[in-house]
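Each chain gets a letter, A, B and so on, in the order its sequence line appears, and its residues count up from 1.
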Number of protein chains: 2
Amino acid sequence: MPSLADLIEQYIKKLIQESEDRVVEIQRNELAEKLRCVPSQINYVLATRFTLEHGYLIESRRGGGGYIRIIKIADQDREAFYQRIFGAIGDAVSESKAREIIKALYEAGSITEREKRLLTIAVDRKVLQVPLPYRDELRALLLKSMLAGVLNAEEGN
Amino acid sequence: MPSLADLIEQYIKKLIQESEDRVVEIQRNELAEKLRCVPSQINYVLATRFTLEHGYLIESRRGGGGYIRIIKIADQDREAFYQRIFGAIGDAVSESKAREIIKALYEAGSITEREKRLLTIAVDRKVLQVPLPYRDELRALLLKSMLAGVLNAEEGN
DNA sequence: ACCTCATCTGACTTTGTTTGACTTTTACTT
DNA sequence: AAGTAAAAGTCAAACAAAGTCAGATGAGGT
């Protein structure tokens, strides 16, 4: 039973995949109507799942002929992509944010499904049994270390 | 007279058996209603009978569209294999011992090289920055959890 | 009867989603 | 230039889950 937000997310991602240039332009009201939700629900989804950290840019325009344009960032090279990922993790990261990052990596084809699962578990609060201010820091360090090890190993040897 | 907790346990196990992939997804409130108990009773059962040591992984999500997913990590055949590894790890494990176990799994072909690298980093004392009696416990839980998640994926999907 | 441990409950918390009323911006019309 | 309608944006409140925890209750062992 995926939530409405999940459905909207999937729908938009499908549109982007089908697009030639990773850019998709929608009309908020029209999309809301098609997916049977209130228009502001679209904003919620964009705000929670299509942020810069997730690798997307949003441009929009109001008024007659208005639109929302969703752009999937094309990272120049792996470096830029990883830069963005590591920046998003920072010195401390919540479980949900970590999960989103891992998901993005998987969707970008940087890690396998098994690796995704491994990482997702490593980031679980039930596993990282440390009191809270430190847990997020430990999670950040752990995730960054693991990613650093596995990602830049690709090109080398 | 089986206790309520026993009934819930049996019910969930039946669901898993009937499932194709040893994974079952429930809604806590719905299940609580069906089994005539308070929702938190479900948590109690999960916490006492579906732990990692029992061979299960739990994932969940709150809010609208929330769920609890229960994953049985091994079928009968693999059970012994897990018990051996989990036994070797125990409740606390040193970095060197953890490395040995990871290496053995790699040599046995259970994990890929990248996975080996991920696991090895996760188990590094420079990454697990926690004072020492706890560090070995954290490492044990982390390693067992990660292995449970990734080894589980071997056969199917 | 008493003790201990497992079970059960309910109040409260946290997280995530959905909705609708209201605001702002823009293009078009007059 | 002013007015109007057509977008999209904002925000707080309502709703919908699951999580936590401490205390009550119960069952088996001595």
Side-chain angles (χ1 to χ4, degrees), chain A residues 1-12 24-51 53-54 56-71 93-100 103 120 123-133 135-136 139, chain B residues 1-12 24-51 53-54 56-71:
Chain A
M1 45 237 66
S3 68
L4 190 43
D6 293 335
L7 295 178
I8 296 169
E9 177 190 1
Q10 285 170 225
Y11 184 79
I12 293 173
V24 72
E25 208 169 287
I26 62 169
Q27 305 256 173
R28 192 181 72 151
N29 290 352
E30 188 186 288
L31 181 57
E33 177 131 11
K34 178 168 343 198
L35 300 183
R36 311 283 179 78
C37 64
V38 296
S40 58
Q41 179 76 1
I42 306 294
N43 296 84
Y44 174 71
V45 173
L46 294 177
T48 55
R49 291 133 142 103
F50 292 89
T51 67
E53 289 180 355
H54 291 155
Y56 296 89
L57 286 174
I58 307 293
E59 292 171 2
S60 68
R61 191 145 183 181
R62 307 186 191 190
Y67 59 84
I68 298 178
R69 186 179 301 143
I70 301 147
I71 304 157
V93 70
S94 69
E95 178 177 337
S96 55
K97 196 158 155 192
R99 278 215 218 101
E100 288 171 5
K103 181 178 166 196
T120 302
V123 121
D124 192 308
R125 67 188 172 290
K126 288 198 295 293
V127 171
L128 265 25
Q129 290 181 347
V130 172
L132 230 196
R135 195 195 307 155
D136 287 357
R139 183 182 292 117
Chain B
M1 67 231 71
S3 67
L4 221 196
D6 293 335
L7 294 178
I8 296 169
E9 178 188 2
Q10 291 315 312
Y11 185 79
I12 293 173
V24 71
E25 207 169 288
I26 62 167
Q27 305 256 169
R28 191 181 73 151
N29 291 352
E30 190 185 284
L31 182 57
E33 176 132 12
K34 179 167 343 197
L35 301 183
R36 311 285 177 78
C37 64
V38 296
S40 58
Q41 180 73 3
I42 306 293
N43 295 86
Y44 173 71
V45 173
L46 293 177
T48 56
R49 289 133 141 102
F50 291 88
T51 66
E53 277 67 29
H54 290 130
Y56 296 89
L57 286 173
I58 307 293
E59 294 170 5
S60 67
R61 192 161 153 197
R62 305 188 192 189
Y67 60 82
I68 299 178
R69 187 179 299 142
I70 301 147
I71 304 160

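Using a 4.0 Å heavy-atom distance criterion, A/N43 is classed as a base contact. No engagement by A/R69 is indicated, since no non-hydrogen atom pair under 4.0 Å with the nucleic acid exists. Residue contacts shown for A/R36 are absent, as no nucleic acid heavy atom lies under 4.0 Å away. Among the atoms of the strands shown, none is found under 4.0 Å from any heavy atom of B/I42.
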- Step by step, work out the salt bridge (charged side-chain N to carboxylate O under 4.0 Å, His left out) result for B/K34 and B/E30. CA-CA 6 Å; B/K34 179 167 343 197; B/E30 190 185 284; 5.2 Å; no
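Separating the CD atom of A/E59 from the P atom of C/dT25 is a distance of 18 Å, rounded to the nearest angstrom. Taking atom CG of residue A/L35 and atom C1' of nucleotide C/dT17, one finds them 15 Å apart after rounding to whole Å. The CZ atom of A/R28 sits 12 Å away from the C1' atom of C/dT24 (whole-angstrom rounding). Here D/dA16 presents its P atom at 17 Å from CG of A/D6, a figure rounded to the nearest Å. Atom pair A/Y67:OH and D/dA6:C1' shows a separation of 15 Å (rounding to whole Å applied). Atom CG of B/L4 and atom P of C/dC8 are 5 Å apart (whole Å). Atom CD1 of B/I8 is separated from atom P of C/dA6 by 17 Å (rounded to the nearest Å). To the nearest angstrom, C1' of D/dA16 lies 13 Å from CD of A/Q41.
Ranked by how close their nearest DNA chain C nucleotide is to the 5' end, A/C37 and A/R99 are led by A/R99. When each of B/G64 and B/L46 is assigned the nucleotide of DNA chain D with its nearest heavy atom, B/G64 is the one assigned upstream, toward the 5' end. Mapped onto DNA chain C by nearest heavy atom, B/G65 and B/T48 fall at different nucleotides, with B/T48 at the one closer to the 5' end.
Among the nucleotides C/dT17, D/dA18, C/dT23, the one closest to any side-chain atom of A/R62 is C/dT23. Taking only side-chain atoms of B/I68, from C-beta outward, the nucleotide of D/dG19, C/dC8, C/dG16 with the closest atom is D/dG19. Here the side chain of B/V38 is nearest to one of D/dA8, D/dT20, C/dG10, namely C/dG10. Taking the side chain of A/R61 as heavy atoms from C-beta on, and the options D/dA18, C/dT18, C/dA27, the nearest nucleotide is C/dA27.
Residue B/Y44 places none of its side-chain N or O atoms closer than 4.0 Å to OP1 or OP2 of C/dC8. Not one side-chain nitrogen or oxygen of A/N29 sits closer than 4.0 Å to the OP1 or OP2 atom of D/dA6. For D/dG19, one of the phosphate oxygens OP1 or OP2 lies less than 4.0 angstrom from a side-chain nitrogen or oxygen of B/S60. Under 4.0 angstrom from either OP1 or OP2 of D/dA17 there lies at least one side-chain N or O belonging to B/Q27.
A/D6 and A/S3 share a side-chain donor-acceptor pair at under 3.5 Å.
Within 3.5 Å, no donor on the side chain of B/S40 pairs with an acceptor on the base of D/dG19, nor the reverse.
B/S40 places no side-chain N or O within 3.5 Å of a backbone atom of B/N43 that could act as its donor or acceptor partner. Here the side chain of B/R69 pairs no donor or acceptor atom with the backbone of B/E59 at under 3.5 angstrom.
For the residue pair A/R36 and A/L4, the shortest heavy atom distance occurs at O-CD2, 4.5 Å.
Within a 6.0 Å radius of CD in B/Q10, other residues, nucleotides and ligands contribute more than 12 heavy atoms.
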